[in-house]
> 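What follows is a single structure, and I will ask about it in a moment.
When a residue number appears, it is its place in the shown sequence, counting from 1. For ligands, and for the atoms within them, numbers begin at 1 and follow the listed sequence. Values below: every heavy atom of this structure, side chains too, minus hydrogens, waters and symmetry copies.
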Amino acid sequence: MRLIGWLGFTVAALVAGTTAARAEDGYDLWMRYRALSPARAATLHRDAQAVEIRGDTATLRAAADELRRGLTGLTGAASLQGSSTTAIMLATASDRDVATLRLPVASLGDEGYVVRAASIGGRRVTLVTANTDRGVLYGSFALLRHLQTGGTLAGVALSSAPRVKLRVLNHWDNLDGIVERGYAGQSLWDWWTLPDFKDPRYADYARANASIGINGTVLNNVNAKPESLSPRYIAKAAALADVFRPYGIKVYLSARFSAPIELGGLKTADPLDPQVAAWWKAKADEIYRAIPDFGGFLVKANSEGQPGPRDYHRSHADGANMLAAAVAPHDGIVMWRAFVYAETDPDDRAKQAYTEFKPLDGRFAKNVIVQVKNGAIDFQPREPFHPLFGAMPRTPLMIEFQTTKEYLGFATHLAYLGPMFAETLASDTMARGKGSTVARVVDGSLEGHALTGMAGVANIGRDRDWAGSPFNQANWYAFGRMAWDPTIGAEPVAREWAAMTFGASPAIVGPVTTMMMGSREAVVDYMTPLGLAHVMATGHHYGPGPWVAELKRPEWNPVYYHRADKAGIGFDRTRTGSNAVAQYAPPVARGLADPATTPERDLLWFHHVAWDRPMASGRTLWAEMVHDYDRGVGYVGGMRRQWNALRSEIDADRWTKTDRFLAIQEQEARWWRDASLSYWMSVNGLALPTGAAPPAHDLAWYRAQSFPYAPGNPQ
Ligand code: GCV
């Protein structure tokens, strides 16, 4: 047994420098561990004077260090005195004393945990236990969350196991340090100095991920360079894997399908060519020699110019299975993306992934999981759930969300994505009758899959606050919490994040949660109301561009998506149009086939309707659109006022940055509204409803705006 008082730890931590006291610059994320009220701090100190671990593994040490760090902060360093008669004990369920307690650990799997008071060796302790060290680590973070959000040690009883197996971040980080669709600075990975220099931030990144249950990270962009699989870069990935391992995080790499040609000098990357298969097998063996617990590959193939098996007239299953065979001897997996659409295919872009993948159901190897974006187009502020969910029962499907806000105002707009994740997960595919939710497809319970997963495109960069703004951190946080439990709900997650990030007082948590909960809907309102999509400006997707019509590929043009004309607006995806609705299960398809039974929030996604169509509110469609744009702008004004009222409650640095960002957001929300309305009026010839403010500029002005150096744009 190792028994370490906190004081010793505190000095060590200061020397190590990774957690020394810092200004409130957002670096500490939700792991701030600021002092509780004196009374609560004293009680906590009385009830947990030491952290003890049974066993001596890197993961148990990481868990204990985190608890000591947290307790030191929560109780305030001044209270560090006294003997260690009360303790938090970390031990796996196989420990002899823990085993005698006969706790219900069987259902916890290899990542779940139990935290409760227990009598060990005649002493009352707070026990954190699990079947594995990783479970103990997650339990330790759960206990800290409990304490940070107002809980006490008295009567603590926590127990949870993840419902999803692979909970992975996808970094779209390039080897030159630029992050595709990244708005928080350069890549966190300093590829140049790796593997010799391991920035202490890597460990803090791992802590943050472990605290929310993330257990995998894909280091490089899905638009992958072959060099990321070269020996030099494998060594760099291995160095990161070494840092992440104690935190239960596996490293994965995006693989470029044509790497056998570019790196291996072969003439082909045909997946059915034995030499190609042998090359990948040797490559996988090489990676596993450097990273014994390497997770596997993520692949974007035959999409947006990436090479893939279709180049050789092979199917996506042929490509995925060939890679799967290479990693299978090492228990690796392949995450194969279904985000495909082709310039050669004139069909509705929203249909193409289903058309390509549905016939392949049941043809993928056991260690392949198909990664499907939440919606059928591309991370829009709102999309109906992807029709592939529920449509491939014999294939494990993982869901891919974007936590970076490519289409939602980059880092500056406050948009809490919890409600968006929750909305998709709660959507009912009806594939096996009522209750066949996307969450049940994702957690494997609907179709009986053990290989399950959720991927989040990371919003993390080298900015001091990691995510570009304090509120963007909430999207990283929410992704992790919802990957652990897809049914947890957006509001409880917002509340705990707000408490941990800004302070647990109701005077903070209440208004911050209120701001957050409506913030994504506000973005929908001022950017893409009523089911509009992809009306963003070209390339960088920053700002409005509904007028764009001249790009080479039809589906790159906003006019392709909104189809506005003098008579009406919206994409007809019913039988009279692209018939994309037929890709949903019949009960869902029936509802979506008729504008009257389509939720108004998705109306223009599925239907082309007249500008004067009456809406549920009694307004015409046109008046409703104007109303929604105004509501969105108004919501941002409301957030500014609520944030202003919080000034005395929040530290100056984070308050000021958020205040400035909200000012930018309000200005840009107006810009979105005005530019969009100017354009729609140029198409429909209608006047604004009485009382609606005219746009600040004419359409030509909006069309003339250009942003050549917008961040995150692939060059
Ligand atoms: C990594 C969208 C983005 C691209 C991204 C792509 C994808 O099209 O704009 O930057 O490429 O999605 O998910 O592969």
> Specify whether Trp336 and Phe257 have parallel, tilted or perpendicular ring planes, treating 30° as the upper limit for parallel and 60° as the lower limit for perpendicular.
perpendicular
> Name the residues in contact with ligand 1, where contact means a heavy atom under 4.0 Å away: which are they?
Trp172, Glu180, Arg181, Asn221, Val222, Asn223, Lys300, Glu304, Arg337, Phe339, Lys373, Asp378, Glu406, Tyr407, His541
> Return the CZ to CZ distance between Arg462 and Arg201, rounded to the nearest 0.5 Å.
8.5 Å
> Measuring from Arg232:CZ to Glu227:CD, what's the distance to the nearest 0.5 Å?
9.5 Å
> Backbone N or O of Val438 within a donor-acceptor pair of the Asp428 side chain at under 3.5 Å?
no
> Taking the six-membered ring for Trp, are Tyr407 and His534 parallel (under 30°), tilted (30 to 60°) or perpendicular (over 60°)?
perpendicular
> On the 0 to 90° scale, with breaks at 30° and 60°, tag the Phe606-Tyr584 ring pair as parallel, tilted or perpendicular.
perpendicular
